[in-house]
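Below: the structure, in structure tokens.
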Amino acid sequence: MSVAVDFRHLKGFVQDHEIEGLAPQIKTAHHMLHNGTGMGSDFTGWLTLPDDYDKEEFERIQKAARQIQSDTDVFIVIGIGGSYLGARAAIEFLKSQHYNALAKQTPDIYFAGNTISSSDLAELLEICKGRRVSLNMISKSGTTTEPAIAFRVFKDFMEREYGREEAGKRIYCTTDREKGTLKQLAEKEGYQTFVVPDDVGGRFSVLTAVGLLPIAVCGADIAALMQGAADARREYDNERLLENPCYRYAAARNILQRKGRDIELLVSYEPCCTMLCEWWKQLYGESEGKDQKGIFPAAATFSTDLHSMGQYIQDGKRILFETVVLFEKPKYDIVIENSPEDVDGLNFLQGRPVSYINRKAFEGTVLAHHDGGVPNIVVSVPDFSEYSLGYLIYFFEKACAVSGYLLGVNPFDQPGVESYKRNMFALLGKPGYEQEKEQLEARLKQ
């Protein structure tokens with residue numbers, strides 16, 4: 001077992017009989033998920049993916065990653081939402097938030113196409129000047145506005161720098177297997193392509209080529225990542241609630257929500273988990289936030305955010321609970337040395353590793369927040385290895401799917417995301433939206 005869940009700090013907020021009372025619903029959700037009878041069952045390919053992935057494509061991903069490592073200084077990954085969050089989360093988790101600044105044998109990796117900021121694009125272009133660049137465009141269709149704009153800009157840049165033929169050797173597309181604008185362009189230009197599976201939605205796609213190619217480029221062991229997820233799959237393929245910590249987590253958070261805890265704060269004590277929290281926020285927010293339902297996903301990094309949000313968490317409205325992701329073994333450690341002057345008064349910590357101090361910060365905080373009326377769930381992970389990350393990813397994905405079914409929503413669609421797109425297209429004057437454009441412009445003037 002690579003992930004352990006501690007429910008002790010729910011005492012006084014969730015009773016054992018309440019968890020046990022959800023056992024029949026959990027069992028039903030389990031069978032809906034595994035038998036393909038639940039809502040959105042066409043998008044449950046992630047469920048068996050850790051074992052059933054395309055081995056031939058996996059080898060091609062590894063080969064492409066080695067090629068990119070050998071001929072590239074800057075690797076630009078273009079995508080938005082699930083097309084970039086998982087990869088970026090994994091790279092920062094496994095390597096560092098400061099990955100691009102570290103001395104290494106692998107390329108710098110930057111992410112584009114997740115905003116419509118001209119400043120961001122211009123700065124990335126400046127970074128690329130005079131350096132060897134390769135590009136990974138990730139889009140099922142190729143027409144999503146933010147990545148499509150970035151791809152047009154970087155494709156033009158690369159063709160000017162290298163010529164059309166050479167640029168084509170440096171552009172890798174992760175897209176639909178058979179159809180779509182990007183697939184057609186890739187075939188025309190000879191770009192190497194990888195597949196976004198039809199049965200895996202974007203926010204569940206980190207263990208497909210969507211995430212695996214960028215993760216492999218940073219030098220991570222993607223085979224170990226998949227093995228961790230595969231072992232988690234076997235552990236959590238168990239309908240018995242009390243024997244399945246993944247399902248107990250899903251049940252506990254739903255009980256808390258029914259008691260008015262509408263915000264879940266995912267907490268880590270390691271800054272390299274910041275983007276993992278962002279990935280988790282999309283996973284749960286886009287999966288559960290439907291039909292006026294859902295727990296609002298938020299995140300914080302402690303002890304940093306204890307100096308900004310700690311007051312509200314301790315004494316504010318009792319509308320949230322915390323899920324803490326805790327790591328048993330740090331990547332590195334530093335020991336506090338003796339200072340003869342002891343100006344800062346820290347000599348009492350002499351000989352203590354900083355990780356020990358961080359652990360005591362967690363222990364003091366979880367007790368204080370519990371006393372202040374904040375329920376806590378603690379998810380313990382042994383280390384920062386690829387194996388542990390794969391395990392943790394699958395833990396959160398499966399808990400999310402079961403939570404969605406407990407809520408009575410389809411955890412695999414995202415109908416609300418399309419609303420802003422329709423309005424934006426109309427206001428931009430996209431053909432076919434003329435009537436909507438007039439109506440929206442009139443509303444803006446009111």
State yes or no: are the ring centers of F296 and Y284 separated by less than 6.0 Å?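 Aromatic pair excluded; centres sit 6.0 Å or further apart.
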
Are F362 and F302 an aromatic pair by the rule of ring centers under 6.0 Å?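 No: the rings miss the under 6.0 Å criterion.
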
For L389 and L94, run side chain to side chain contact (heavy atoms under 4.5 Å, CB included): C-alpha distance rounded to whole Å, both residues' side-chain angles, the deciding distance at 0.1 Å, then the answer. CA-CA 8 Å; L389 177 59; L94 296 169; 3.9 Å; yes

With a 4.0 Å cut-off on N to O distance, would you call [X] and [Y] a salt bridge?
{"X": "R253", "Y": "E288", "result": "yes"}
{"X": "D237", "Y": "R234", "result": "no"}
{"X": "R131", "Y": "D108", "result": "yes"}
{"X": "D198", "Y": "R177", "result": "no"}
{"X": "R88", "Y": "E92", "result": "yes"}
{"X": "D176", "Y": "K183", "result": "no"}
{"X": "E397", "Y": "R203", "result": "no"}
{"X": "R60", "Y": "D54", "result": "no"}
{"X": "E363", "Y": "R359", "result": "yes"}
{"X": "K155", "Y": "E159", "result": "yes"}

Is it true that the side chains of [X] and [Y] contain a donor and an acceptor less than 3.5 Å apart?
{"X": "Y387", "Y": "D221", "answer": "no"}
{"X": "D305", "Y": "T301", "answer": "no"}
{"X": "Y99", "Y": "T106", "answer": "yes"}
{"X": "Y394", "Y": "E235", "answer": "no"}
{"X": "N136", "Y": "T174", "answer": "yes"}
{"X": "T323", "Y": "E264", "answer": "yes"}
{"X": "K398", "Y": "Y247", "answer": "yes"}
{"X": "T44", "Y": "S41", "answer": "no"}

Would you say the side-chain atoms of S205 pair up with the backbone N or O of T208, donor to acceptor, closer than 3.5 Å?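 Not at all, since once roles are kept as given, no pair shorter than 3.5 Å links the two residues.
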
Is the ring pair F75/Y172 parallel, tilted or perpendicular, if the boundaries are 30 and 60 degrees?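 F75 and Y172: perpendicular rings.
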
Would you sort out whether H369 and E322 count as a side chain to side chain contact (heavy atoms under 4.5 Å, CB included), showing the intermediate values? CA-CA 9 Å; H369 287 183; E322 293 171 284; 2.8 Å; yes

By ring-ring contact (aromatic ring centres under 6.0 Å, His included) - contacts of F93 (at least two apart):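 F327, F384.
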
Report the residue from N376, L265, I295 that forms a side chain to side chain contact (heavy atoms under 4.5 Å, CB included) with F321.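 Single side chain to side chain contact (heavy atoms under 4.5 Å, CB included) partner of F321 among N376, L265, I295: I295.
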
Start with the C-alpha distance between Q257 and D262, add both sets of side-chain angles, then the distance that settles side-chain hydrogen bond (donor to acceptor under 3.5 Å, both in side chains), and finish with yes or no. CA-CA 5 Å; Q257 196 267 338; D262 289 322; 3.2 Å; yes

